[in-house]
Asker: 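Here it is: the structure, laid out below.
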Amino acid sequence: AKRYRNDPHILFDLLAEHHDLSFTELSDSYKALIPAIRRLAPNSVIFVTGLDWGRDINAWLDSPLPYPNLVYRSNPYNRTAEFPGYFGRIAEQYPVFLGEFGTEDKLSMSLTDVDNLLSYASQLNLSWSAWHFTAAGCPCLLANEANFAPTPYGELVLQALISQSPRPFTLPTFDSD
């Protein structure tokens, strides 16, 4: 926080994917960390995750944190029906960011769920980032890194980005490294 105190581009993400914490333990952790950051970087944006690997941020509706410049962040690797229960309700009252999501054999999120998530995020006017821009360590946006060909999941994300673009978008070509 001291190093980046005057840099408005820095977003603090303090407890990205914690698990096995009670809501009280999580809340107490944020109540210790946020004031320490605010003393050094009083105007910085801080992401606040929730329970269950950071997914459930609706839990904050009953006890929102009393600090400015907070954005509640979820990692919704879930089925479509679970989205309102994890982050949809809080998005009606507070800033929400979807930090990561994606498909892979070991995850419960399907391509249909990703498509529905992107539509739901658009409906709620939420910003998001997809996980991750590589062909290894999936969920992967790329099928290979030689020509940046997207996976089916990556194609959904690409089309969502294109549809949100204020001007026509053409995927760039890369002639060299």
Side-chain angles (χ1 to χ4, degrees), residues 1 3-20 37 41 44-57 69-88 90-91 95-177:
R3 178 178 180 177
Y4 297 109
R5 70 183 327 140
N6 295 316
D7 188 340
H9 302 99
I10 299 299
L11 308 171
F12 291 89
D13 195 354
L14 308 179
L15 301 168
E17 289 187 322
H18 57 84
H19 53 91
D20 302 328
I37 290 171
S44 60
V45 173
I46 297 175
F47 286 130
V48 174
T49 58
L51 302 171
D52 189 21
W53 293 87
R55 296 174 182 169
D56 182 5
I57 57 174
N69 295 338
L70 298 183
V71 176
Y72 293 95
R73 186 182 65 74
S74 179
N75 296 329
Y77 287 100
N78 295 86
R79 299 292 204 176
T80 300
E82 298 173 300
F83 299 157
Y86 275 111
F87 66 87
I90 196 169
V96 166
F97 181 80
L98 303 179
E100 60 182 78
F101 56 90
T103 63
E104 184 183 0
D105 291 340
K106 66 182 180 180
L107 300 172
S108 64
M109 188 173 228
S110 69
L111 286 173
T112 299
D113 296 320
V114 169
D115 193 39
N116 291 337
L117 176 69
L118 295 169
S119 294
Y120 191 46
S122 179
Q123 176 187 339
L124 295 173
N125 199 28
L126 303 181
S127 295
W128 50 267
S129 62
W131 186 255
H132 70 112
F133 193 69
T134 187
C138 295
C140 300
L141 292 164
L142 300 178
N144 69 66
E145 295 174 16
N147 65 1
F148 298 97
T151 61
Y153 157 58
E155 185 62 33
L156 282 174
V157 170
L158 175 61
Q159 292 307 314
L161 291 169
I162 289 170
S163 71
Q164 293 178 12
S165 179
R167 60 187 184 282
F169 174 82
T170 303
L171 187 65
T173 58
F174 300 93
D175 296 328
S176 67
D177 288 346

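Residue numbers count from 1 along this sequence.
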Asker: Taking only residues two or more places apart in sequence, or in another chain, which ones meet L15 in a side chain to side chain contact (heavy atoms under 4.5 Å, CB included)?
Answerer: H18, L26, S29, Y30, L33, T49

Asker: How far apart are the closest heavy atoms of P76 and F83, and which atoms are they?
Answerer: O-CE2, 4.2 Å

Asker: What pairs with Y77 under side-chain hydrogen bond (donor to acceptor under 3.5 Å, both in side chains), at least two apart in sequence or on another chain?
Answerer: E100

Asker: Under 6.0 Å from the CZ atom of F12, do we count more than 12 heavy atoms belonging to anything else shown?
Answerer: yes

Asker: Which residues satisfy the side-chain hydrogen bond (donor to acceptor under 3.5 Å, both in side chains) test with N116, sequence neighbours excluded?
Answerer: T80

Asker: If a pair satisfies salt bridge (charged side-chain N to carboxylate O under 4.0 Å, His left out) and one of its residues is in residues 72-85, list it, with sequence neighbours excluded.
Answerer: D13-R73, R79-D113

Asker: What are the two closest heavy atoms between C140 and A135, and how far apart are they?
Answerer: SG-C, 3.5 Å

Asker: Restricting to non-hydrogen atoms, name the atom on L118 and the atom on L156 that form the minimum distance, rounded to 0.1 Å.
Answerer: CD1-O, 3.8 Å

Asker: Which value, rounded to the nearest 0.5 Å, describes the distance between D20 atom CG and L51 atom CG?
Answerer: 11.0 Å

Asker: Can you name the ring pair (Phe, Tyr, Trp, His ring centres under 6.0 Å) partners of H9, sequence neighbours left out?
Answerer: none

Asker: Holding to ring pair (Phe, Tyr, Trp, His ring centres under 6.0 Å), I want the full list of residues that pass it with F133, two or more places apart in sequence or in another chain.
Answerer: F148

Asker: Can you measure from CZ (R5) to CG (D7) and round to the nearest 0.5 angstrom?
Answerer: 12.5 Å

Asker: Any idea which heavy atoms bring P8 and N6 closest together, and the distance?
Answerer: CD-O, 3.3 Å

Asker: What I'd like to find out is whether the side chain of W53 reaches to under 4.5 Å of the side chain of N75, using heavy atoms alone.
Answerer: no

Asker: Would you mind reporting whether L14 and I37 have side-chain heavy atoms less than 4.5 Å apart?
Answerer: yes

Asker: To the nearest 0.5 angstrom, please state how far the OG1 atom of T103 sits from the CG atom of L141.
Answerer: 9.0 Å

Asker: From S74 OG over to D56 CG, what is the distance, rounded to the nearest 0.5 angstrom?
Answerer: 8.0 Å

Asker: Show me the pairs that pass side-chain hydrogen bond (donor to acceptor under 3.5 Å, both in side chains) and involve residues 122-134, at least two apart or across chains.
Answerer: T134-E145

Asker: Of the non-hydrogen atoms in A160 and S163, which two are nearest, and what is the gap between them?
Answerer: O-OG, 2.9 Å

Asker: Where do A91 and V96 come nearest, in terms of heavy atoms and distance?
Answerer: CA-CG2, 3.6 Å

Asker: Can you confirm whether I57 sits close enough to F97 that some side-chain heavy atom of one is under 4.5 Å from a side-chain heavy atom of the other?
Answerer: no

Asker: With sequence neighbours left out, write down each residue that passes side-chain hydrogen bond (donor to acceptor under 3.5 Å, both in side chains) with Y86, or none if nothing qualifies.
Answerer: D52

